[in-house]
Amino acid sequence: MDKTAPKPDYDAAVSVRVQADDFDITREIATLSEGRRDVGAIVTFTGLCRDEDGRLSALELEHYPGMAEAEIGRIAEEAAARWPLTGLTVIHRFGRIAPGANIVLVVAASRHRRAAFEAADFLMDFLKTRAPFWKKEHLAEGAESGWVEAKAADDSDAARWVKN
Amino acid sequence: MDKTAPKPDYDAAVSVRVQADDFDITREIATLSEGRRDVGAIVTFTGLCRDEDGRLSALELEHYPGMAEAEIGRIAEEAAARWPLTGLTVIHRFGRIAPGANIVLVVAASRHRRAAFEAADFLMDFLKTRAPFWKKEHLAEGAESGWVEAKAADDSDAARWVKN
Amino acid sequence: MKIRYFAWVRERVGLEEEEIELPAGVASVSELMAWLAARDEGYAAAFAEPEVIRVALDQFHVEHEAPLGGASEVAFFPPMTGG
Amino acid sequence: MKIRYFAWVRERVGLEEEEIELPAGVASVSELMAWLAARDEGYAAAFAEPEVIRVALDQFHVEHEAPLGGASEVAFFPPMTGG
């Protein structure tokens with residue numbers, strides 16, 4: 001490590017992965033808790049592909065390689081600096097994802113539950129509005145439908161975290 | 001089912017268990033999501049036993065059999081009536097629990113993430129203040145220490161959810 | 001009427017549960033607590049600070065002012081610390 | 001300077017990425033968008049509503065007013081819909 005690099009202002013083990021493969025939630029939780037006796041609370045968020053009442057056959061997730069990891073990493077580091085976490089893992093998948101399959105996982109571990117809940121919630125709000133991923137819908141009838149539009153609700157969710 | 005029983009005012013599959021055995025988070029998530037294509041968000045909360053910086057050798061969890069299940073069930077039904085959940089599972093362990101081991105699990109599934117986050121958070125706040133469980137600390141040196149005291153912060157956390 | 005005790009209330013009373021005949025004049029939870037506290041030193045220690053004791057009637061939380069009514073089971077315990 | 005396009009911006013432009021020589025007078029993100037929009041119909045369609053386009057310079061989000069400076073990579077894309 002560069003001796004002149006600033007020390008990060010948090011202690012949490014932060015891990016960010018952008019991958020085509022699925023993930024195993026129990027294994028990701030174990031990575032943050034095994035061999036430790038100081039973790040009191042683990043919150044996970046899993047985002048799954050819905051079929052939108054039968055309308056969709058799949059989602060195609062496009063991403064900006066490099067920036068996707070970097071931007072999620074910046075959000076994760078902000079969360080780790082803001083809450084007293086012991087660990088934070090974020091995994092986002094790309095490529096074709098079928099209804100019922102996993103898209104994204106956040107695991108936040110802390111001594112106490114409030115920090116773990118808030119950090120996971122914060123991560124998802126900013127991941128939605130800042131991480132460079134785009135969803136294209138494939139229709140059940142086989143026709144390729146359009147790109148999912150960003151929701152104003154996601155911007156207002158993210159705005160909840162701005163400190164006054 | 002009794003024909004005169006009122007229909008519950010929610011659709012979620014609600015499951016409450018109070019048990020000595022550990023639980024498997026991936027299996028509990030699968031129970032709420034397998035074979036479904038309408039679940040978009042699953043939030044889990046896992047509470048674990050901390051060793052309090054080496055001070056504790058174990059926690060002993062006493063509970064009120066019957067009322068523990070009933071009271072968690074009442075909290076879970078209130079959450080299911082308040083948020084549009086697709087499923088809600090709560091498992092609380094009793095007996096001797098070693099540092100690093102699981103104590104409690106909440107799994108909340110919904111179409112969208114806000115409901116799943118809020119329901120899991122609500123469940124934990126009321127479970128802490130209303131479910132009849134008591135923790136006794138066993139010290140690392142072998143001496144039996146006292147009962148854990150209730151925290152004022154837990155009451156104020158629960159008070160966040162009172163509607164004005 | 002069955003009475004159940006949990007955590008340090010149980011330890012101080014020295015019993016997990018017992019059956020009692022409600023004496024005349026004991027109609028509310030707080031009256032029952034005062035009557036129990038007068039029984040012996042263990043009960044007195046358990047109910048020394050009645051304001052911190054939580055109560056359930058037939059497995060529902062109630063306030064100290066609640067009438068005992070026809071409840072078949074009363075439970076006394078400290079503030080809960082599960083989760 | 002490398003330019004990258006994503007999602008429907010990529011589809012309308014018809015390219016994933018390209019290398020360009022910055023013309024004189026193009027110093028900010030918004031000036032680059034205006035210059036690209038004038039190239040052909042595909043670019044014009046991609047940048048028809050410039051206010052909805054998001055921009056990253058060297059993989060950091062920036063506003064349209066940002067100077068291009070010495071950035072080696074500019075990316076244009078719609079509002080993000082991951083998560």
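Proteins come first, then strands; the chains are lettered A, B, ... in the order of their sequence lines, and each starts at number 1. Only a predicted model underlies this, so the values are computations on that prediction, with no experimental measurement involved.
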**Student:** Is the closest basic N to carboxylate O distance between C:Glu16 and C:Arg4 below 4.0 Å?
**Tutor:** no

**Student:** Can you tell which part of B:Lys128 gets under 4.5 Å to a heavy atom of chain C, answering side chain, backbone, both or neither?
**Tutor:** both

**Student:** Tabulate, in ascending numerical order, the residues of residues 68-93 of chain B having at least one heavy atom closer than 4.5 Å to a heavy atom of chain C, or enter 'none'.
**Tutor:** B:Glu71, B:Arg74, B:His92

**Student:** Decide, yes or no, whether a salt bridge links B:Arg36 with B:Asp38 under the criterion of side-chain N to carboxylate O below 4.0 Å.
**Tutor:**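 Between B:Asp38 and B:Arg36 there is a salt bridge, with a charged N closer than 4.0 Å to a carboxylate O.
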
**Student:** Is B:Glu28 salt-bridged to B:Arg17, cutoff N-O under 4.0 Å?
**Tutor:**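 Yes, charged N to carboxylate O under 4.0 Å.
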
**Student:** Heavy-atom distances under 4.5 Å only: say whether B:Glu60 touches chain C with side chain, backbone, both or neither.
**Tutor:**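 Neither; nothing under 4.5 Å.
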
**Student:** Among C:Thr81, C:Asp58, C:Val52, which has the most heavy-atom pairs under 4.5 Å with chain B?
**Tutor:**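 Winner by heavy-atom pair count: C:Thr81.
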
**Student:** Could you tell me whether B:Phe126 and B:Phe122 have their ring centroids closer than 6.0 angstrom?
**Tutor:** yes

**Student:** Does C:Arg12 qualify as a cation-pi partner of C:Trp8, given the criterion of NZ or CZ under 6.0 Å from the six-membered ring centre and within 45 degrees of its axis?
**Tutor:**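 Yes - C:Arg12 lies over the ring of C:Trp8, closer than 6.0 Å to its centre and within 45° of its axis.
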
**Student:** Could you tell me which of C:Pro79, C:Ala56, C:Pro78 has the largest number of non-hydrogen atom pairs under 4.5 Å with chain B?
**Tutor:** C:Pro78

**Student:** Side chains of C:Tyr5 and C:Glu11 only: does a donor on one sit below 3.5 Å from an acceptor on the other?
**Tutor:** no

**Student:** Do C:Glu21 and C:Met1 come within less than 4.5 Å of each other through their side chains, counting heavy atoms only?
**Tutor:**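 Contact flag for C:Glu21/C:Met1 side chains = no.
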
**Student:** Which of the residues B:Arg130, B:Met124, B:Glu149, B:His63 is involved in the greatest number of heavy-atom pairs with chain C at under 4.5 angstrom?
**Tutor:** B:Arg130

**Student:** Do you know which of B:Phe94, B:Tyr64, B:Phe45 has the most heavy-atom pairs with chain C at a distance under 4.5 angstrom?
**Tutor:**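 Max contact count across the listed options: B:Tyr64.
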
**Student:** Apply salt bridge (Lys or Arg N to Asp or Glu O under 4.0 Å) to residues C:Glu18 and C:Arg10 and explain how you reach the verdict.
**Tutor:** CA-CA 11 Å; C:Glu18 61 181 321; C:Arg10 170 179 56 72; over 6 Å; no

**Student:** For C:Met33 and C:Val55, run side-chain contact (heavy atoms from CB on, under 4.5 Å): C-alpha distance rounded to whole Å, both residues' side-chain angles, the deciding distance at 0.1 Å, then the answer.
**Tutor:** CA-CA 10 Å; C:Met33 289 168 69; C:Val55 188; 4.3 Å; yes

